[in-house]
Amino acid sequence: MALFAPRSSRELDKKIIQKAHSVKSVFVGSSKGAKRGLSERIASAEVEVNRYFSKFKDDFLIIRTEEELKNYVDNIIKDGIVAIDTETDGLDTFNGTLAGICLYSPSNKASYIPVHHVSYITGQEVNNQLKEDIIKKYFERVVNANVKIIMHNASFDLKVFANLVGIRLPCYWDTMIASNILNENEPHGLKALHDKYCGDGTGVYSITNLFEGIIFTHVPIKLGYLYAARDAKMTYELYKYQSQFLCENPSKEHEDLKSCYDVFMNIEMPLVPVILDAELRGVRLDLATADKLKEEYNAKLAVCKEQFTAIVEPIKDLVLQFIRTHTTITSKPKLEWPINFDSPLQISELLFNVLKVSDKNGKSTGVKELNAIMESTKNDTVRNLIKTLLEYRKVQKLLTTYIEKLPNEVNPKTGKIHCNFNQYGTVTGRMSSSSPNLQNIPSKNKEIRKMFVADEGYCLIGGDYSQQEPRILAHMSGDEQLIHAYTTGKDLYAHVGSLALKVPYEDCLEHYPDGSVNQEGKLRRSRMKAIVLALMYGKGTKALAADLKISLEDASSLMKSFFTEFPKVNEFINKSQSFAKCNGYVKTLWGRKRRLPDMLLDPYEFSYANGVSRDFDPLDDIDSDETNDLTVDPVLVQKWTARLNKAFGSFKKREVIQQALAEDNIQIKENSLKIADAERQTVNSIIQGSAGDMVKRASILCYNDKRLQDMDCHILIWVHDEIISTAPIKYARECAKIIDENMKKAADKLVVPMKTDFEITKIWYGEEIDFSKI
DNA sequence: CAGCTATGCGCC
DNA sequence: AAAGGGCGCATAGCTG
């Protein structure tokens, strides 16, 4: 992976770190670095680079001539394998500049091909660099020779090659994806992984602390090549390490990784070019619609603001007085005038401390809490305030996150939005989307999606799996009743309702046969839907009761009758959890692993406070290290475990924990929350992960479908259980039919049939095209 | 100033 | 007693 522009690379590091609560990346103070002159920074970069890489000076080389490249590529082809990395001036793979290319193959030295380095003194491009046409020529040779290409975060480098060199490379092994497959819970940065698994003592460094504030194209080649070439070599070494575990025949000890290799080779790696194609193609945005919406929503926002002012003006004195009386020398109240409505803190202060709204449900100002207040108060000021606030937030969200943001994301070069689909963006194996996120475009509000349109002469084909996750649940649990609902084509939730509630199926449908709404049926159906979703998300009866606005008793008896009618679902949940408890992981239907190490935790962990037992005399002990490891006397463990088990409620538990500390100097760590979290994740990971596998499989089938290729049909967007493609209008219906086939084929492992819904439109969520008129 | 966390909210 | 799975992103507000 190329990490170049200091700012952006930090952002990327941040992401990786956020993902896995890991080591903080060390970086030199940025303000200090930014103030120094460029030559000064280069000088200090030289010191840093030498510190890390001087030992590699003779092992790495710079390729400057075609002759040198030719010889190098000859060796690559002989080796049949190569690790490739690119260096650019930032993270923009469409409009950025290629600094150079890093290569490594076993019979070659690690190398760097400078392409667009400039002199940091003159700003002129440096002589003796190979240009794109030459590079393209030799990489075509590599591709034609079927050389296995290894990359770290191939998505980035493939886009660089496609956009800045003009060649689409196939990737055999992406070490970043492999890392996700092997352990989704750890950070996936190249340096950290290499240091951890192939470490040679060089240590973890980042482009940030090496080339602080210097764009890579401005780094002198003699300095940069050491850093860059090593990236390619590290990638190769990481690949070698990974392939010991991720392979056809892993050792007995790692037998469970066999299915992971299948997922990697049959799902993840074949998906790489599919996503690349969608990202390169991009989505068209109708700027006229965006402008219209912008105007409309800004007007709405203005109305909200006016209403606000009108509502709070009468209580201005109250607020000012509050601010006065709560201002001390050391602290200020979290409220100001004029009130900032964007600040949850200020709103909370206003509602609960100035207007004295009851805070028995907490001081949160989220939608749920505000609605609860609405139901319990008759205070008109409060009611109007909340009403306006909710409207304001809605409008503000749509405006800033979508309506005003998306047009800025249109690439000036292509006129399209090119988001990132992060292939392993989630721990479960689902994809995610970013910059911008196209997976959370509002759908209830149909206006926003209408900004997305098809190209001239083309249309959008949206195909989504209907009830994808419940069907997977039906299959994986093997519950006959659940499966029956699907094989007979009955409405699932109505069927569930009729069994669990013991009323006729027809009385659980939303509509009467004549099409009119059956209120009772609708309610029954929606409750059943809530139950099915609740157990897939690990939701408890209490939350279910709150959702359905029924009593706790009713909720738990609903749950009970559900499990009585669908015993295998209950069994599936229990089996999954006990497997996870035993092994610390679960697997999806296609064999992807989700590691849940917290499932292996003991509910309580005992240790002596300060690492020492009460009787320990520091002056008397010779081997203090051992003393620190001292495990707690089993008799005491038993004693306190028994007491903890008798203590119901978090308050009583805390009491026991304090007693243990006071009486026996024992520290007790409670893991029940972590374990409960992991338990909830268990079932959900299996279902959600399998759904992810299915969509990925369907996408690959579509991408490789000759018929779809011939009709110029391409996937543009994924929204988890939905695949949005584009094709010429005249082929649309045929394409939809084939996509449908592929989506179902991707699920042919299931004993329940998959159902899909399709829409063919010019505009996302727009009117369906009337083919009778074409 | 940038980086970070908390809060809140859009999607499946 | 409390208990909602998986994301990305905007804003506020704190910190170094």
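Naming convention: chains lettered A, B, ... in sequence-line order (proteins, then strands); numbering from 1 in each chain.
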So, do A/Trp718 and A/Gln439 sit near enough that their side-chain heavy atoms are less than 4.5 Å apart?
-> yes

Where the side chain of [X] is concerned, which of [options] is the nearest nucleotide?
X        : options               : result
A/Ser432 : C/dG5, B/dG8, C/dC7   : C/dC7
A/Ser343 : C/dG13, C/dC9, B/dG10 : C/dG13
A/Thr426 : C/dG5, C/dG8, C/dC7   : C/dC7
A/Asn684 : C/dG8, C/dA12, C/dG6  : C/dG6
A/Lys368 : C/dT11, C/dG4, C/dC7  : C/dG4
A/Gln688 : C/dG5, B/dC12, C/dG4  : C/dG5

Expressed as a whole number of angstroms, how long is the span from [X]:[atom1] to [N]:[atom2]?
X        : N      : atom1 : atom2 : value
A/Leu406 : C/dG8  : CG    : P     : 16 Å
A/Lys394 : C/dA10 : NZ    : C1'   : 18 Å
A/Lys446 : B/dC11 : NZ    : C1'   : 14 Å
A/Ile417 : C/dC9  : CD1   : C1'   : 15 Å
A/Met451 : B/dG10 : CE    : P     : 15 Å
A/Leu345 : C/dA10 : CG    : P     : 21 Å
A/Leu533 : B/dC12 : CG    : P     : 13 Å
A/Arg449 : B/dC12 : CZ    : C1'   : 10 Å

Which part of the nucleic acid, if any, lies within contact of [X], taking any heavy atom under 4.0 Å across all strands shown: a base, the sugar-phosphate backbone alone, or nothing?
X        : result
A/Gln681 : sugar-phosphate
A/Val683 : nothing
A/Leu673 : nothing
A/Ala676 : nothing
A/Thr541 : nothing
A/Ser364 : sugar-phosphate
A/Asn445 : nothing
A/Lys405 : sugar-phosphate
A/Lys444 : sugar-phosphate

Taking 4.0 Å as the cut-off, does a side-chain nitrogen or oxygen of [X] come that near to OP1 or OP2 on [N]?
X        : N      : answer
A/Thr401 : B/dC9  : no
A/Arg680 : C/dG4  : no
A/Thr400 : C/dC9  : no
A/Asn340 : C/dA12 : yes
A/Gln346 : C/dG13 : yes

Determine whether the side chains of [X] and [Y] contain a donor N or O and an acceptor N or O closer than 3.5 Å.
X        : Y        : result
A/Glu404 : A/Tyr297 : no
A/Tyr486 : A/Gln467 : yes
A/Glu349 : A/Asn353 : yes

Using atom types as modelled and distance alone, determine if a side-chain donor or acceptor of A/Asn671 lies under 3.5 Å from a backbone N or O of A/Asp602.
->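 Confirmed, A/Asn671 side chain pairs with A/Asp602 backbone.
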
Measure the distance between the ring centre of A/Tyr537 and the centre of the six-membered base ring of C/dG5, then answer whether it is under 5.5 Å with planes under 30°.
->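 It does: the ring sits over the base of C/dG5.
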
5'-most contact on DNA chain C: A/Tyr402 or A/Gly538, nearest heavy atom basis?
->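 Here A/Gly538 is the residue nearer the 5' end.
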
The salt bridge (charged side-chain N to carboxylate O under 4.0 Å, His left out) partner of A/Asp693 among A/Lys593, A/Arg592, A/Arg594 is A/Arg592

Relative to each other, are the rings of A/Trp764 and A/Phe452 parallel, tilted or perpendicular (30° and 60° limits)?
-> perpendicular

Is the base of B/dC12 touched by the side chain of A/Arg430 through a donor-acceptor pair closer than 3.5 angstrom?
->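 It does, because a donor-acceptor pair links the side chain of A/Arg430 to the base of B/dC12 below 3.5 Å.
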
Would you state whether a donor and an acceptor, one from the side chain of A/Asn440 and one from the base of B/dG10, lie under 3.5 Å apart?
->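 When only heavy-atom distances are counted, A/Asn440 does reach the base of B/dG10 through a donor-acceptor pair under 3.5 Å.
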
Taking the same atom, P, in C/dA3 and in B/dG8, what whole-Å distance lies between them?
-> 15 Å

